[in-house]
Number of protein chains: 2
Amino acid sequence: MTREEIEVAYRLRVPPAGLAARTEALLLEQTVELPREAVRLPFSRDNLVGRVVSTKEAGPGEFIVTLAQPAANVGANPAQLLNVLFGNCSLQPDVELEDLRLPPSVAAALGGPRFGVAGIRRLVGISGRALTASVLKPVGLSVSEAASLCRSLALAGIDIIKDDHGLADQPFCPFPDRVRACLAATEDAAQKTGRRSLYVPSLVGSPTRVLHQAWTAKELGAGAAMVSPMLVGLPFLSELAADIGMPILAHPAFAGSFRISPPALLGRLFRAFGADAVIFPNAGGRFSYDRETCSAIAAALRVPDAGAAPAFPVPAGGIRRENVQEVLATFGADTVLLLGASLLEAGSERDLIARCGTFVSAVRDHAA
Amino acid sequence: MTREEIEVAYRLRVPPAGLAARTEALLLEQTVELPREAVRLPFSRDNLVGRVVSTKEAGPGEFIVTLAQPAANVGANPAQLLNVLFGNCSLQPDVELEDLRLPPSVAAALGGPRFGVAGIRRLVGISGRALTASVLKPVGLSVSEAASLCRSLALAGIDIIKDDHGLADQPFCPFPDRVRACLAATEDAAQKTGRRSLYVPSLVGSPTRVLHQAWTAKELGAGAAMVSPMLVGLPFLSELAADIGMPILAHPAFAGSFRISPPALLGRLFRAFGADAVIFPNAGGRFSYDRETCSAIAAALRVPDAGAAPAFPVPAGGIRRENVQEVLATFGADTVLLLGASLLEAGSERDLIARCGTFVSAVRDHAA
């Protein structure tokens with residue numbers, strides 16, 4: 001057995017005098033889950049107990065402790081990886097998951113983004129500039145209302161049009177009917193504009209249902225799909241990415257654990273598990289991430305990594321038509337900018353198309 | 001469409017002057033996700049926007065706000081339920097999910113515990129007293145070592161013997177081989193003692209793999225299975241419970257990262273989604289829950305509820321052979337007491353059987 005290791009950094013709040021014992025307890029908790037003296041099996045002691053890589057003071061009574069845990073604990077099992085990273089210790093309030101590095105075998109088993117930035121750019125046929133995105137909402141839209149909104153956004157030149165994550169498969173807007181109608185709407189708009197917007201339906205449910213939705217969407221001609229990995233289960237994301245052969249846009253619903261750092265969860269983990277693009281709450285919106293956190297998420301999604309293709313950051317919230325330049329200066333061209341309410345508050349279709357036009361031009365001008 | 005509602009209580013940290021606006025934003029965020037004036041569709045306004053039920057001060061700048069959200073937002077979709085309860089607002093640090101009540105249609109769609117307290121009691125053939133449980137660990141046990149430990153615990157009269165959640169399907173202890181050997185070990189012990197312990201294998205992986213493990217275990221003769229709902233995805237728990245026809249023991253790994261009160265998550269939600277017994281870190285162990293929280297989890301699992309059978313609370317940690325009476329006085333007879341390290345620290349099989357014997361007798365004596 002090769003001794004590949006998973007590196008995982010935790011932020012520990014502990015008085016300095018207790019640091020060594022707390023670190024030892026954390027190290028053992030995540031694998032053998034027994035005090036060291038009770039680990040009598042030589043095989044476990046030699047092959048499965050990890051080691052402390054480094055300890056760094058991060059503030060008064062706060063330390064970044066980096067552990068290396070043998071990958072043999074995990075094998076090729078995505079759920080077991082989460083167990084080792086943050087299974088039991090998620091229940092201990094003095095510890096936060098700060099960062100992680102996966103060894104090649106684990107990264108390869110997860111597979112990472114199957115399309116990533118390059119694959120999504122090929123699909124939409126756009127290079128050299130950021131992509132624009134908007135959303136079909138609110139829940140309550142009928143099929144024809146969703147399709148009509150989709151058509152307006154497509155006519156206005158929005159590159160990616162996604163379902164709101166509140167649009168499930170409710171009887172008033174059944175999933176297959178909505179997907180068929182929205183795809184027809186983008187096709188209809190493409191006849192007029194010469195460019196086809198990418199419609200991204202939202203998948204939600206238990207795994208069997210989500211897989212059924214994904215294959216239905218694909219058969220109907222959809223080119224990508226959205227899912228909320230923390231709602232449906234992060235290990236299922238890896239299964240979906242391996243199965244479906246379409247780019248996956250990940251939504252952060254239910255992901256607001258402030259005890260896993262957002263760059264670690266939405267950046268490293270979502271990417272490792274197969275997301276091709278990841279939506280996150282942008283600084284300045286109605287959520288709480290600051291600018292530094294948002295940049296760190298984007299960096300974690302795009303940093304060169306032999307084990308995983310770069311994925312698109314999709315900042316959402318706090319973006320208005322007026323500050324597109326500033327947002328692009330922060331995130332750069334390999335970014336999808338998602339605008340929702342600030343477009344959809346428009347009072348008429350004409351107003352909506354005008355608002356979209358300003359947004360689309362601002363993004364195109366930035367590249368020029 | 002009948003106007004069934006999901007009642008959901010949040011703990012909001014907000015200055016009193018901002019309470020009304022913050023409550024309105026929270027109410028809309030979880031369904032239509034637009035400011036009220038931008039919700040132009042009459043159907044959405046009339047059928048999908050919820051209402052504020054009550055607001056109660058819980059401390060300085062802290063309020064319990066109870067909302068009623070139309071169940072029509074969710075339909076029979078377990079993932080969409082989580083979206084409405086804590087999708088987007090999980091990303092907002094001023095809000096925690098405190099409690100919830102599901103209307104009959106949603107509870108029925110989830111199904112709740114298929115076996116619960118009564119079904120597990122029938123399976124183990126024990127009434128009128130608490131059940132004893134222990135665990136096969138650490139990771140690194142070979143198949144024959146796991147089976148040997150299982151046999152010792154069974155001979156000592158432990159009622160339920162579960163895999164540690166670190167035992168996955170690693171090459172050094174393959175899942176089907178372990179299940180077969182541990183079932184044979186309990187059978188062998190039953191020949192000697194006249195009572196059969198219930199062996200509970202741990203399922204872990206992406207959904208397809210977990211389902212495969214579940215069916216493999218069932219075919220080999222297992223009577224129950226353990227899964228970590230937050231690792232594999234809570235909606236998948238509901239699918240597994242509906243499919244597998246075995247009691248499900250839920251493990252709390254990865255469940256501590258969410259800002260959902262433990263009674264709401266481990267109590268109400270795990271039960272609603274189909275767990276028949278729920279492990280939780282008991283007060284006094286190496287985790288952080290206090291006595292009041294533990295009692296509230298147990299109450300949420302067992303409170304009479306037309307929509308869901310009562311489920312077993314399984315306090316783990318902080319239980320020693322010496323304080324069994326005290327723990328039972330807290331939780332009562334419809335409880336499974338789980339002891340791990342305090343038994344497994346034994347230096348020999350004889351010591352282990354002696355330690356188990358004291359534990360088993362203490363539980364039986366309490367009932368007598």
| task | Starting from the C-alpha separation in whole Å, work towards a yes-or-no answer on ring pair (Phe, Tyr, Trp, His ring centres under 6.0 Å) for A:Phe236 and B:Phe236. | result | CA-CA 9 Å; A:Phe236 176 53; B:Phe236 176 53; 8.4 Å; no
| said: Apply side-chain contact (heavy atoms from CB on, under 4.5 Å) to residues A:Val74 and B:Gln170 and explain how you reach the verdict. | reply: CA-CA 7 Å; A:Val74 169; B:Gln170 293 100 341; over 6 Å; no
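At a 4.5 Å heavy-atom cutoff, B:Pro171 makes no contact with chain A through either its backbone or its side chain. Of the two parts of B:Phe280, neither the backbone nor the side chain holds a non-hydrogen atom closer than 4.5 Å to a non-hydrogen atom of chain A. Only the side chain of A:Pro281 has a heavy atom closer than 4.5 Å to any heavy atom of chain B. Both the backbone and the side chain of A:Pro252 have a heavy atom closer than 4.5 Å to some heavy atom of chain B. When heavy atoms are compared at a cutoff of 4.5 Å, A:Leu141 approaches chain B by way of both its backbone and its side chain. The contact between B:Leu231 and chain A is made by backbone and side chain atoms together, counting heavy-atom distances below 4.5 Å. Looking at A:Arg45, there are no atoms closer than 4.5 Å to chain B (heavy atoms on both sides), in backbone or side chain. Interface residue A:Glu29: only side-chain heavy atoms are found under 4.5 Å from chain B. When heavy atoms are compared at a cutoff of 4.5 Å, A:Ala346 approaches chain B solely by way of its backbone atoms N, CA, C and O. With a 4.5 Å cut-off on non-hydrogen atoms, A:Asn77 touches chain B through its backbone and its side chain both. For chain B, the nearby part of A:Glu145 is the side chain; its heavy atoms alone come within less than 4.5 Å. Residue A:Leu82 touches chain B through both its backbone and its side chain, counting heavy-atom pairs closer than 4.5 Å.
Heavy-atom minimum distance, A:Ser90 versus B:Ala255: OG-N, 3.4 Å.
Of the listed residues (A:Gly140, A:Gly75, A:Pro42), the one with the most heavy-atom contacts under 4.5 Å to chain B is A:Gly140. Across A:Ala25, A:Gly340, A:Ala79, the residue that shares the most heavy-atom pairs under 4.5 angstrom with chain B is A:Ala79. Interface summary for chain B: among A:Leu240, A:Val210, A:Asn88, the most heavy-atom pairs under 4.5 angstrom belong to A:Asn88. Ranked by heavy-atom pairs under 4.5 Å with chain B, the first of A:Gln92, A:Gln30, A:Arg40, A:Glu33 is A:Glu33. When the candidates B:Ala38, B:Gly87, B:Ser142, B:Ala341 are compared by the number of heavy-atom contacts under 4.5 Å with chain A, B:Gly87 comes out ahead. Note on A:Gly205, A:Ser238, A:Gly166, A:Gly233: by heavy-atom pairs under 4.5 Å with chain B, the leading option is A:Gly205.
For the atom pair CD of A:Glu37 and CD of B:Glu345, the computed distance is 6.5 Å after rounding to the nearest 0.5 Å. In this structure, CZ in B:Phe172 is found 6.5 Å from CG in A:Asn73, a value given to the nearest 0.5 Å. Interatomic distance, B:Asp164 CG to A:Asn83 CG, rounded to the nearest 0.5 Å: 8.5 Å. Separation of atoms CE (A:Met230) and CG (B:Leu234) is listed at 11.5 Å; rounding is to 0.5 Å. To the nearest 0.5 Å, the span separating OG on A:Ser206 from CG on B:Leu237 amounts to 10.5 Å. In this structure, the separation between NZ on B:Lys137 and CG on A:Leu41 is 13.0 Å, given to the nearest 0.5 Å.
A distance-only check finds a donor-acceptor pair linking the side chain of B:Glu239 to the backbone of A:Thr208 [under 3.5 Å]. Judged by distance alone, with hydrogens and angles left aside, the side-chain atoms of B:Ser44 form no donor-acceptor pair with the main-chain N or O of A:Pro138 at under 3.5 Å.
In this structure, the side chains of A:Phe254 and B:Ile260 come closer than 4.5 Å at one or more pairs of heavy atoms.
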